[in-house]
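Notes follow the structure.
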Protein chains: 2
Amino acid sequence: MNTFTEENYLKAIYHLSTQSESVSTNQIAASLHTKAASVTDMLKKLADKELINYARYQGVTLSVKGEKVALSIVRKHRLWEYFLVEKLNFKWDEVHEVAEELEHISSYELVDRLDEFMGHPKFDPHGDPIPDKNGHFKAHELKPVSALLVNTVGIISGVREHSPAFLQHLEKIKLVIGKKIKVCDINSYDHSITLLLEDELLYISRDVANNLLITI
Amino acid sequence: MNTFTEENYLKAIYHLSTQSESVSTNQIAASLHTKAASVTDMLKKLADKELINYARYQGVTLSVKGEKVALSIVRKHRLWEYFLVEKLNFKWDEVHEVAEELEHISSYELVDRLDEFMGHPKFDPHGDPIPDKNGHFKAHELKPVSALLVNTVGIISGVREHSPAFLQHLEKIKLVIGKKIKVCDINSYDHSITLLLEDELLYISRDVANNLLITI
DNA sequence: TAAAAAATTTAGATTAGTCTAAAAATGAAA
DNA sequence: TTTCATTTTTAGACTAATCTAAATTTTTTA
Ligand SMILES: [Mn+2]
Ligand SMILES: [Mn+2]
Ligand SMILES: [Mn+2]
Ligand SMILES: [Mn+2]
(Lines give C-alpha, C1' and ligand atoms only; values in the text may rest on other atoms or scores of the structure.)
(Ligands and ions follow the chains in the order given, each with its own letter.)
Protein backbone atom coordinates (compact mmCIF):
# COMPACT_ATOMS: atom_id res chain seq x y z
CA MET A 1 0.00 0.00 0.00
CA ASN A 2 1.74 3.17 1.19
CA THR A 3 5.06 3.17 2.98
CA PHE A 4 5.54 4.18 6.58
CA THR A 5 7.17 7.39 5.33
CA GLU A 6 4.42 8.27 2.89
CA GLU A 7 1.90 7.83 5.71
CA ASN A 8 3.87 10.21 7.92
CA TYR A 9 3.92 12.86 5.21
CA LEU A 10 0.18 12.55 4.63
CA LYS A 11 -0.51 12.82 8.33
CA ALA A 12 1.75 15.87 8.65
CA ILE A 13 0.01 17.56 5.71
CA TYR A 14 -3.36 16.71 7.25
CA HIS A 15 -2.48 18.30 10.60
CA LEU A 16 -0.95 21.39 8.98
CA SER A 17 -4.08 21.76 6.82
CA THR A 18 -6.18 22.39 9.92
CA GLN A 19 -4.14 25.60 10.42
CA SER A 20 -3.89 26.97 6.90
CA GLU A 21 -5.65 26.14 3.64
CA SER A 22 -2.53 25.27 1.66
CA VAL A 23 0.60 23.75 3.18
CA SER A 24 4.15 24.80 2.32
CA THR A 25 7.23 22.69 1.75
CA ASN A 26 9.02 24.35 4.67
CA GLN A 27 6.12 23.73 7.04
CA ILE A 28 6.22 20.04 6.22
CA ALA A 29 9.99 19.92 6.57
CA ALA A 30 9.81 21.52 10.01
CA SER A 31 7.02 19.27 11.21
CA LEU A 32 8.83 16.09 10.11
CA HIS A 33 12.30 17.27 11.16
CA THR A 34 13.60 16.80 7.65
CA LYS A 35 14.90 19.09 4.92
CA ALA A 36 12.94 21.02 2.28
CA ALA A 37 14.74 19.17 -0.53
CA SER A 38 13.57 15.82 0.84
CA VAL A 39 10.03 17.12 1.11
CA THR A 40 10.00 18.20 -2.53
CA ASP A 41 11.07 14.71 -3.61
CA MET A 42 8.31 13.13 -1.58
CA LEU A 43 5.68 15.60 -2.76
CA LYS A 44 6.38 14.52 -6.35
CA LYS A 45 5.91 10.91 -5.37
CA LEU A 46 2.66 11.60 -3.51
CA ALA A 47 1.38 13.69 -6.42
CA ASP A 48 2.14 10.81 -8.83
CA LYS A 49 0.04 8.58 -6.62
CA GLU A 50 -2.72 11.20 -6.62
CA LEU A 51 -2.66 11.51 -2.86
CA ILE A 52 -2.04 15.26 -2.94
CA ASN A 53 -2.69 18.23 -5.21
CA TYR A 54 0.66 19.75 -5.93
CA ALA A 55 2.00 22.38 -8.31
CA ARG A 56 5.62 23.47 -8.15
CA TYR A 57 6.18 26.41 -5.78
CA GLN A 58 2.44 26.59 -5.02
CA GLY A 59 2.10 24.51 -1.86
CA VAL A 60 0.04 21.43 -1.40
CA THR A 61 -3.41 20.16 -0.36
CA LEU A 62 -4.58 16.61 0.29
CA SER A 63 -6.69 14.94 -2.40
CA VAL A 64 -9.86 13.16 -1.27
CA LYS A 65 -7.92 9.91 -1.51
CA GLY A 66 -5.02 11.37 0.48
CA GLU A 67 -7.28 12.72 3.19
CA LYS A 68 -8.85 9.29 3.57
CA VAL A 69 -5.45 7.75 4.17
CA ALA A 70 -4.47 10.53 6.59
CA LEU A 71 -7.69 10.10 8.57
CA SER A 72 -7.14 6.37 8.87
CA ILE A 73 -3.70 7.01 10.35
CA VAL A 74 -5.09 9.58 12.76
CA ARG A 75 -7.86 7.13 13.73
CA LYS A 76 -5.29 4.43 14.46
CA HIS A 77 -3.03 6.80 16.38
CA ARG A 78 -5.81 8.00 18.66
CA LEU A 79 -7.39 4.59 19.20
CA TRP A 80 -4.02 3.13 20.20
CA GLU A 81 -3.44 6.05 22.58
CA TYR A 82 -6.82 5.38 24.16
CA PHE A 83 -5.96 1.69 24.48
CA LEU A 84 -2.61 2.41 26.08
CA VAL A 85 -4.13 4.72 28.68
CA GLU A 86 -7.38 2.89 29.40
CA LYS A 87 -6.26 -0.72 29.19
CA LEU A 88 -2.53 -0.71 29.85
CA ASN A 89 -2.43 2.14 32.39
CA PHE A 90 0.02 4.35 30.58
CA LYS A 91 -0.01 8.04 31.55
CA TRP A 92 -1.32 10.51 28.96
CA ASP A 93 2.17 11.93 28.50
CA GLU A 94 3.71 8.52 27.72
CA VAL A 95 1.63 7.33 24.81
CA HIS A 96 2.40 9.53 21.84
CA GLU A 97 5.73 8.00 20.80
CA VAL A 98 4.40 4.44 21.00
CA ALA A 99 1.31 5.43 19.01
CA GLU A 100 3.58 6.94 16.35
CA GLU A 101 4.72 3.37 15.67
CA LEU A 102 1.43 1.56 16.20
CA GLU A 103 -0.45 3.84 13.79
CA HIS A 104 1.40 2.20 10.89
CA ILE A 105 0.18 -1.34 11.57
CA SER A 106 -1.75 -2.00 8.41
CA SER A 107 -4.61 -4.34 9.42
CA TYR A 108 -7.98 -2.58 9.35
CA GLU A 109 -9.51 -5.64 10.96
CA LEU A 110 -7.22 -5.01 13.91
CA VAL A 111 -8.11 -1.38 14.42
CA ASP A 112 -11.84 -2.02 14.01
CA ARG A 113 -11.76 -4.81 16.58
CA LEU A 114 -9.72 -2.66 18.92
CA ASP A 115 -12.34 0.08 18.53
CA GLU A 116 -15.06 -2.43 19.34
CA PHE A 117 -13.10 -3.87 22.31
CA MET A 118 -12.90 -0.40 23.86
CA GLY A 119 -16.54 0.48 23.17
CA HIS A 120 -16.03 2.94 20.31
CA PRO A 121 -14.44 5.80 22.23
CA LYS A 122 -15.07 9.26 20.74
CA PHE A 123 -12.03 11.12 22.11
CA ASP A 124 -8.42 10.20 22.79
CA PRO A 125 -6.63 10.82 26.11
CA HIS A 126 -5.76 14.37 25.04
CA GLY A 127 -9.33 15.26 24.06
CA ASP A 128 -8.76 14.90 20.33
CA PRO A 129 -11.65 13.33 18.39
CA ILE A 130 -11.28 9.77 17.07
CA PRO A 131 -12.53 9.40 13.47
CA ASP A 132 -14.83 6.42 12.86
CA LYS A 133 -14.03 3.85 10.19
CA ASN A 134 -15.45 6.13 7.51
CA GLY A 135 -13.30 9.01 8.67
CA HIS A 136 -16.17 10.92 10.30
CA PHE A 137 -15.85 12.62 13.66
CA LYS A 138 -17.34 15.49 15.60
CA ALA A 139 -14.88 17.80 17.30
CA HIS A 140 -15.59 19.67 20.49
CA GLU A 141 -16.12 23.43 20.30
CA LEU A 142 -12.89 24.31 22.01
CA LYS A 143 -11.54 27.59 23.38
CA PRO A 144 -8.28 28.27 25.18
CA VAL A 145 -8.67 29.13 28.86
CA SER A 146 -6.98 32.42 28.01
CA ALA A 147 -10.06 33.41 25.99
CA LEU A 148 -12.40 33.23 29.00
CA LEU A 149 -13.65 36.28 30.88
CA VAL A 150 -13.54 36.61 34.63
CA ASN A 151 -16.25 34.60 36.44
CA THR A 152 -17.01 32.32 33.51
CA VAL A 153 -16.75 28.53 33.78
CA GLY A 154 -15.63 25.73 31.49
CA ILE A 155 -14.71 22.06 31.40
CA ILE A 156 -11.18 21.00 30.54
CA SER A 157 -11.56 19.17 27.22
CA GLY A 158 -8.29 19.25 25.33
CA VAL A 159 -4.80 20.57 24.89
CA ARG A 160 -3.22 22.58 22.12
CA GLU A 161 0.31 21.50 23.02
CA HIS A 162 1.10 17.77 23.39
CA SER A 163 4.63 17.75 24.82
CA PRO A 164 5.21 15.37 27.74
CA ALA A 165 6.52 18.32 29.78
CA PHE A 166 3.26 20.25 29.39
CA LEU A 167 1.08 17.19 30.00
CA GLN A 168 3.04 16.25 33.11
CA HIS A 169 2.69 19.78 34.41
CA LEU A 170 -1.09 19.70 33.98
CA GLU A 171 -1.26 16.32 35.66
CA LYS A 172 0.73 17.61 38.60
CA ILE A 173 -1.63 20.52 39.21
CA LYS A 174 -4.66 18.26 38.60
CA LEU A 175 -5.84 20.19 35.56
CA VAL A 176 -6.94 17.09 33.68
CA ILE A 177 -9.65 16.36 31.16
CA GLY A 178 -13.17 16.48 32.53
CA LYS A 179 -12.45 18.87 35.41
CA LYS A 180 -14.62 21.97 35.80
CA ILE A 181 -12.93 25.32 36.27
CA LYS A 182 -13.95 28.90 36.90
CA VAL A 183 -11.86 31.94 36.06
CA CYS A 184 -11.53 34.07 39.21
CA ASP A 185 -8.98 36.64 38.16
CA ILE A 186 -6.93 37.69 35.18
CA ASN A 187 -3.72 39.51 35.96
CA SER A 188 -3.60 42.53 33.70
CA TYR A 189 0.22 42.74 33.80
CA ASP A 190 1.33 39.23 32.72
CA HIS A 191 -2.08 37.71 31.83
CA SER A 192 -1.64 34.91 34.34
CA ILE A 193 -4.93 33.52 35.60
CA THR A 194 -6.34 32.47 38.93
CA LEU A 195 -8.73 29.55 38.61
CA LEU A 196 -11.13 27.82 40.95
CA LEU A 197 -10.71 24.07 40.65
CA GLU A 198 -12.74 21.93 43.04
CA ASP A 199 -12.84 24.56 45.80
CA GLU A 200 -9.12 25.29 45.50
CA LEU A 201 -7.48 28.31 43.95
CA LEU A 202 -4.86 27.70 41.29
CA TYR A 203 -2.53 30.08 39.47
CA ILE A 204 -1.60 29.34 35.87
CA SER A 205 0.63 31.27 33.48
CA ARG A 206 -0.54 32.85 30.26
CA ASP A 207 1.31 30.13 28.41
CA VAL A 208 -0.56 27.35 30.16
CA ALA A 209 -3.85 29.19 29.65
CA ASN A 210 -3.17 29.47 25.93
CA ASN A 211 -2.55 25.76 25.50
CA LEU A 212 -5.32 24.40 27.68
CA LEU A 213 -8.67 24.04 25.94
CA ILE A 214 -12.16 24.04 27.43
CA THR A 215 -15.76 23.51 26.38
CA ILE A 216 -18.47 25.67 27.84
CA MET B 1 18.53 0.11 17.51
CA ASN B 2 18.07 -2.63 14.88
CA THR B 3 16.04 -2.20 11.75
CA PHE B 4 12.87 -4.07 10.99
CA THR B 5 14.83 -6.14 8.46
CA GLU B 6 17.68 -7.00 10.82
CA GLU B 7 15.12 -8.21 13.33
CA ASN B 8 13.51 -10.46 10.73
CA TYR B 9 16.86 -12.01 9.86
CA LEU B 10 17.68 -12.64 13.52
CA LYS B 11 14.29 -14.23 14.09
CA ALA B 12 14.67 -16.43 11.01
CA ILE B 13 18.12 -17.57 12.14
CA TYR B 14 16.73 -18.26 15.60
CA HIS B 15 13.92 -20.46 14.28
CA LEU B 16 16.21 -22.31 11.87
CA SER B 17 18.68 -22.90 14.72
CA THR B 18 16.11 -25.03 16.54
CA GLN B 19 16.35 -27.49 13.63
CA SER B 20 20.09 -27.59 12.95
CA GLU B 21 23.12 -26.35 14.87
CA SER B 22 24.45 -24.04 12.18
CA VAL B 23 22.26 -22.21 9.66
CA SER B 24 23.05 -21.85 5.95
CA THR B 25 22.68 -18.87 3.67
CA ASN B 26 20.21 -20.74 1.48
CA GLN B 27 18.06 -21.77 4.44
CA ILE B 28 17.75 -18.14 5.47
CA ALA B 29 17.02 -17.03 1.91
CA ALA B 30 14.24 -19.60 1.61
CA SER B 31 12.69 -18.73 4.95
CA LEU B 32 12.66 -14.98 4.20
CA HIS B 33 11.66 -15.35 0.53
CA THR B 34 14.74 -13.46 -0.56
CA LYS B 35 17.89 -14.30 -2.52
CA ALA B 36 21.14 -15.82 -1.24
CA ALA B 37 23.11 -12.78 -2.38
CA SER B 38 20.94 -10.50 -0.25
CA VAL B 39 21.40 -12.79 2.72
CA THR B 40 25.18 -12.67 2.41
CA ASP B 41 25.10 -8.87 2.49
CA MET B 42 22.97 -8.87 5.60
CA LEU B 43 25.07 -11.52 7.34
CA LYS B 44 28.09 -9.25 7.00
CA LYS B 45 26.17 -6.42 8.56
CA LEU B 46 24.89 -8.56 11.44
CA ALA B 47 28.40 -9.93 12.01
CA ASP B 48 29.79 -6.38 12.17
CA LYS B 49 27.23 -5.64 14.86
CA GLU B 50 28.27 -8.83 16.68
CA LEU B 51 24.76 -10.23 16.55
CA ILE B 52 25.88 -13.43 14.80
CA ASN B 53 28.95 -15.61 14.47
CA TYR B 54 29.76 -15.77 10.82
CA ALA B 55 32.67 -17.02 8.72
CA ARG B 56 32.47 -16.99 4.95
CA TYR B 57 31.03 -20.22 3.47
CA GLN B 58 30.70 -21.71 7.00
CA GLY B 59 27.12 -20.92 7.96
CA VAL B 60 26.00 -18.87 10.91
CA THR B 61 24.97 -19.07 14.56
CA LEU B 62 23.45 -16.40 16.79
CA SER B 63 25.73 -14.68 19.31
CA VAL B 64 24.45 -14.34 22.88
CA LYS B 65 23.52 -10.75 22.04
CA GLY B 66 21.78 -11.83 18.82
CA GLU B 67 19.80 -14.54 20.57
CA LYS B 68 18.60 -12.01 23.13
CA VAL B 69 17.25 -9.81 20.36
CA ALA B 70 15.67 -12.78 18.57
CA LEU B 71 13.96 -13.95 21.76
CA SER B 72 12.55 -10.50 22.38
CA ILE B 73 11.00 -10.52 18.91
CA VAL B 74 9.58 -14.01 19.45
CA ARG B 75 8.20 -12.87 22.82
CA LYS B 76 6.48 -9.91 21.23
CA HIS B 77 5.13 -11.99 18.35
CA ARG B 78 3.56 -14.59 20.62
CA LEU B 79 2.21 -12.13 23.17
CA TRP B 80 0.52 -10.14 20.43
CA GLU B 81 -0.96 -13.34 18.97
CA TYR B 82 -2.33 -14.21 22.40
CA PHE B 83 -3.79 -10.71 22.71
CA LEU B 84 -5.43 -10.89 19.30
CA VAL B 85 -7.08 -14.22 20.05
CA GLU B 86 -7.98 -13.75 23.71
CA LYS B 87 -8.95 -10.07 23.75
CA LEU B 88 -9.93 -9.20 20.19
CA ASN B 89 -11.53 -12.53 19.23
CA PHE B 90 -9.39 -13.27 16.21
CA LYS B 91 -9.23 -16.91 15.12
CA TRP B 92 -5.93 -18.74 15.59
CA ASP B 93 -5.41 -18.84 11.83
CA GLU B 94 -5.83 -15.07 11.41
CA VAL B 95 -3.19 -13.70 13.76
CA HIS B 96 0.20 -14.55 12.34
CA GLU B 97 0.43 -11.88 9.66
CA VAL B 98 -0.67 -9.11 12.00
CA ALA B 99 1.81 -10.29 14.64
CA GLU B 100 4.56 -10.17 12.02
CA GLU B 101 4.05 -6.41 12.03
CA LEU B 102 3.33 -5.89 15.71
CA GLU B 103 6.48 -7.76 16.80
CA HIS B 104 8.59 -4.84 15.56
CA ILE B 105 7.01 -2.19 17.78
CA SER B 106 10.02 -1.19 19.83
CA SER B 107 8.64 -0.22 23.26
CA TYR B 108 9.53 -2.78 25.92
CA GLU B 109 7.26 -0.97 28.33
CA LEU B 110 4.40 -1.77 25.96
CA VAL B 111 5.09 -5.47 25.69
CA ASP B 112 5.64 -5.85 29.43
CA ARG B 113 2.38 -4.10 30.22
CA LEU B 114 0.58 -6.18 27.62
CA ASP B 115 2.01 -9.29 29.27
CA GLU B 116 0.75 -8.08 32.64
CA PHE B 117 -2.67 -7.11 31.22
CA MET B 118 -3.15 -10.67 29.97
CA GLY B 119 -1.89 -12.33 33.17
CA HIS B 120 1.50 -13.52 31.90
CA PRO B 121 0.36 -16.24 29.51
CA LYS B 122 2.84 -19.10 29.04
CA PHE B 123 1.80 -20.31 25.58
CA ASP B 124 0.55 -18.61 22.43
CA PRO B 125 -2.61 -19.68 20.55
CA HIS B 126 -0.64 -22.31 18.62
CA GLY B 127 0.89 -23.87 21.73
CA ASP B 128 4.28 -22.21 21.30
CA PRO B 129 5.95 -21.05 24.52
CA ILE B 130 6.14 -17.31 25.28
CA PRO B 131 9.56 -16.23 26.58
CA ASP B 132 9.48 -14.03 29.68
CA LYS B 133 11.19 -10.63 29.69
CA ASN B 134 14.54 -12.29 30.35
CA GLY B 135 14.08 -14.65 27.42
CA HIS B 136 13.37 -17.71 29.55
CA PHE B 137 10.64 -20.20 28.75
CA LYS B 138 9.76 -23.82 29.28
CA ALA B 139 8.59 -25.70 26.23
CA HIS B 140 6.14 -28.58 26.33
CA GLU B 141 7.46 -32.09 25.70
CA LEU B 142 5.79 -32.46 22.34
CA LYS B 143 5.30 -35.46 20.07
CA PRO B 144 3.49 -35.66 16.75
CA VAL B 145 0.27 -37.67 16.86
CA SER B 146 1.88 -39.90 14.25
CA ALA B 147 4.36 -41.10 16.86
CA LEU B 148 1.67 -42.54 19.14
CA LEU B 149 0.88 -46.25 19.41
CA VAL B 150 -2.62 -47.66 19.22
CA ASN B 151 -4.65 -47.18 22.41
CA THR B 152 -2.46 -44.45 23.82
CA VAL B 153 -3.82 -41.03 24.76
CA GLY B 154 -2.59 -37.44 24.54
CA ILE B 155 -3.62 -33.82 24.79
CA ILE B 156 -3.43 -31.55 21.74
CA SER B 157 -0.78 -29.00 22.67
CA GLY B 158 0.75 -27.57 19.53
CA VAL B 159 1.20 -27.61 15.78
CA ARG B 160 4.28 -28.10 13.66
CA GLU B 161 2.77 -26.37 10.65
CA HIS B 162 1.27 -22.87 11.04
CA SER B 163 -0.44 -22.25 7.69
CA PRO B 164 -3.97 -20.83 7.87
CA ALA B 165 -5.18 -23.74 5.72
CA PHE B 166 -3.94 -26.32 8.21
CA LEU B 167 -5.18 -24.39 11.23
CA GLN B 168 -8.62 -23.90 9.67
CA HIS B 169 -8.81 -27.61 8.92
CA LEU B 170 -8.05 -28.50 12.53
CA GLU B 171 -10.61 -25.99 13.74
CA LYS B 172 -13.24 -27.49 11.47
CA ILE B 173 -12.77 -31.02 12.80
CA LYS B 174 -12.53 -29.64 16.38
CA LEU B 175 -8.97 -30.81 16.91
CA VAL B 176 -7.98 -27.74 18.91
CA ILE B 177 -5.52 -27.10 21.71
CA GLY B 178 -6.47 -28.66 25.03
CA LYS B 179 -8.59 -31.49 23.61
CA LYS B 180 -7.86 -35.05 24.73
CA ILE B 181 -7.48 -37.73 22.08
CA LYS B 182 -6.97 -41.49 21.96
CA VAL B 183 -5.49 -43.36 19.03
CA CYS B 184 -7.91 -46.15 18.07
CA ASP B 185 -6.40 -47.45 14.87
CA ILE B 186 -3.44 -46.88 12.58
CA ASN B 187 -3.98 -47.83 8.97
CA SER B 188 -0.95 -49.86 7.93
CA TYR B 189 -1.36 -48.95 4.25
CA ASP B 190 -1.45 -45.13 4.27
CA HIS B 191 -0.72 -44.46 7.97
CA SER B 192 -3.95 -42.57 8.40
CA ILE B 193 -5.23 -42.63 11.95
CA THR B 194 -8.59 -43.11 13.62
CA LEU B 195 -8.90 -41.06 16.78
CA LEU B 196 -11.38 -40.94 19.61
CA LEU B 197 -12.22 -37.30 20.37
CA GLU B 198 -14.94 -36.68 22.95
CA ASP B 199 -16.78 -39.95 22.25
CA GLU B 200 -16.65 -39.42 18.48
CA LEU B 201 -14.46 -41.22 16.00
CA LEU B 202 -12.33 -39.08 13.69
CA TYR B 203 -10.13 -40.01 10.72
CA ILE B 204 -7.01 -37.97 10.07
CA SER B 205 -4.40 -38.33 7.35
CA ARG B 206 -0.75 -39.13 7.98
CA ASP B 207 0.05 -35.55 7.04
CA VAL B 208 -2.25 -34.10 9.69
CA ALA B 209 -0.94 -36.59 12.26
CA ASN B 210 2.63 -35.51 11.52
CA ASN B 211 1.90 -31.84 12.05
CA LEU B 212 -0.30 -32.08 15.10
CA LEU B 213 1.58 -32.20 18.42
CA ILE B 214 0.48 -33.65 21.73
CA THR B 215 1.68 -33.91 25.31
CA ILE B 216 1.15 -37.13 27.25
C1' DT C 1 41.44 -37.52 -6.17
C1' DA C 2 39.79 -35.04 -10.06
C1' DA C 3 35.64 -33.41 -12.20
C1' DA C 4 30.94 -31.94 -11.64
C1' DA C 5 27.34 -30.02 -8.90
C1' DA C 6 25.78 -27.17 -5.39
C1' DA C 7 26.27 -23.44 -2.29
C1' DT C 8 28.01 -19.08 -1.40
C1' DT C 9 30.06 -14.76 -2.27
C1' DT C 10 31.27 -10.74 -5.11
C1' DA C 11 30.34 -7.26 -8.64
C1' DG C 12 27.52 -4.07 -10.32
C1' DA C 13 22.64 -2.10 -10.60
C1' DT C 14 18.26 -0.40 -8.73
C1' DT C 15 14.88 1.83 -5.54
C1' DA C 16 13.39 4.54 -1.40
C1' DG C 17 14.57 8.03 1.40
C1' DT C 18 17.70 11.26 2.83
C1' DC C 19 21.30 15.06 2.61
C1' DT C 20 24.20 19.47 1.05
C1' DA C 21 25.02 22.88 -2.17
C1' DA C 22 23.65 25.39 -6.04
C1' DA C 23 20.09 27.23 -9.12
C1' DA C 24 15.60 29.08 -9.95
C1' DA C 25 11.20 31.10 -8.74
C1' DT C 26 8.49 34.01 -5.81
C1' DG C 27 7.19 37.97 -3.33
C1' DA C 28 8.39 42.12 -0.55
C1' DA C 29 10.74 46.43 -0.31
C1' DA C 30 12.92 50.09 -2.11
C1' DT D 1 9.93 47.96 -11.47
C1' DT D 2 14.12 46.49 -10.23
C1' DT D 3 16.60 44.50 -6.42
C1' DC D 4 17.02 41.42 -2.66
C1' DA D 5 15.63 38.08 0.71
C1' DT D 6 13.14 33.98 1.16
C1' DT D 7 11.29 29.82 -0.44
C1' DT D 8 11.47 26.04 -3.30
C1' DT D 9 13.41 23.03 -6.57
C1' DT D 10 17.18 20.64 -8.91
C1' DA D 11 21.65 18.27 -9.11
C1' DG D 12 24.47 15.06 -7.37
C1' DA D 13 25.78 11.96 -3.61
C1' DC D 14 24.99 8.60 0.25
C1' DT D 15 22.88 4.46 2.88
C1' DA D 16 19.93 0.34 3.42
C1' DA D 17 18.04 -3.34 1.23
C1' DT D 18 17.34 -5.69 -2.69
C1' DC D 19 18.27 -8.02 -7.32
C1' DT D 20 20.80 -10.68 -11.45
C1' DA D 21 24.78 -12.55 -13.26
C1' DA D 22 29.36 -13.99 -12.72
C1' DA D 23 33.09 -15.79 -9.88
C1' DT D 24 34.63 -18.56 -6.17
C1' DT D 25 34.53 -22.08 -2.63
C1' DT D 26 32.85 -26.28 -0.83
C1' DT D 27 30.92 -30.74 -1.27
C1' DT D 28 29.66 -34.70 -3.72
C1' DT D 29 30.39 -38.29 -6.75
C1' DA D 30 32.48 -40.97 -9.93
MN1 LIG E 1 -0.33 11.53 19.86
MN1 LIG F 1 -3.48 12.24 21.28
MN1 LIG G 1 2.94 -16.57 14.30
MN1 LIG H 1 2.09 -18.57 17.09
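Lettering of chains follows the sequences in order, A, B, ..., and the numbering in each one begins at 1.
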Close residues, residues 14-35 of chain A, relative to DNA chain C [heavy-atom separation under 4.0 Å]: A/Thr34, A/Lys35
Mind checking side chain to side chain contact (heavy atoms under 4.5 Å, CB included) for A/Ile173 and listing every partner two or more places apart, or none if nothing turns up? A/His169, A/Leu175, A/Leu202, A/Ile204
Could you give all pairs that pass the side chain to side chain donor-acceptor pair (under 3.5 Å) test and reach residues 204-214 of chain B, with sequence neighbours left out? B/Ser146-B/Asn210
Rounded to the Å, how far apart are B/Leu10 CG and D/dA17 P? 11 Å
Whole-Å distance separating the CZ atom of A/Phe4 from the P atom of D/dA17: 14 Å
Near-strand residues of residues 36-63 of chain A, defined as heavy-atom separation under 4.0 angstrom from DNA chain D: A/Ala36, A/Ala37, A/Thr40, A/Lys44, A/Tyr54, A/Arg56, A/Tyr57
Answer yes or no: are there more than 12 heavy-atom neighbours, outside A/Phe4 itself, under 6.0 Å from its atom CZ? yes
Please check if any side-chain donor atom of B/His120 sits under 3.5 Å from a side-chain acceptor atom of B/Glu116, or the reverse. no
Side chain to side chain donor-acceptor pair (under 3.5 Å) against B/Gln168, all qualifying residues, sequence neighbours excluded: B/Asp93
Quick one: do A/Lys11 and A/Glu7 make a salt bridge, cutoff under 4.0 Å? no
Taking only residues two or more places apart in sequence, or in another chain, which ones meet B/Glu97 in a side chain to side chain contact (heavy atoms under 4.5 Å, CB included)? none
Any pair counted as ring pair (Phe, Tyr, Trp, His ring centres under 6.0 Å), so long as it reaches residues 32-61 of chain A, sequence neighbours left out: none
Go through the side-chain N and O atoms of A/Asn26 and A/Ser24 and say whether any donor and acceptor fall under 3.5 Å apart. no
Going 5' to 3' along DNA chain C, between which two nucleotides do contacts with chain A fall, using a heavy-atom cut-off of 4.0 Å? C/dA16 to C/dT26
Inter- and intrachain pairs under salt bridge (charged side-chain N to carboxylate O under 4.0 Å, His left out), touching residues 27-56 of chain A, at least two apart: A/Glu6-A/Lys49
Listed by chain and number, what are the side chain to side chain contact (heavy atoms under 4.5 Å, CB included) partners of B/Glu86, not counting sequence neighbours? B/Tyr82
Those residues at least two apart in sequence (or on a different chain) that pass side chain to side chain donor-acceptor pair (under 3.5 Å) with A/Asn134 are none
Do any N or O atoms of the protein come closer than 3.5 Å to N or O atoms of nucleotides 2-6 of chain D, and which pairs are they?
none

Give a yes or no on whether B/Lys87 atom NZ has more than 12 heavy-atom contacts from other residues, nucleotides or ligands under 6.0 Å away. yes
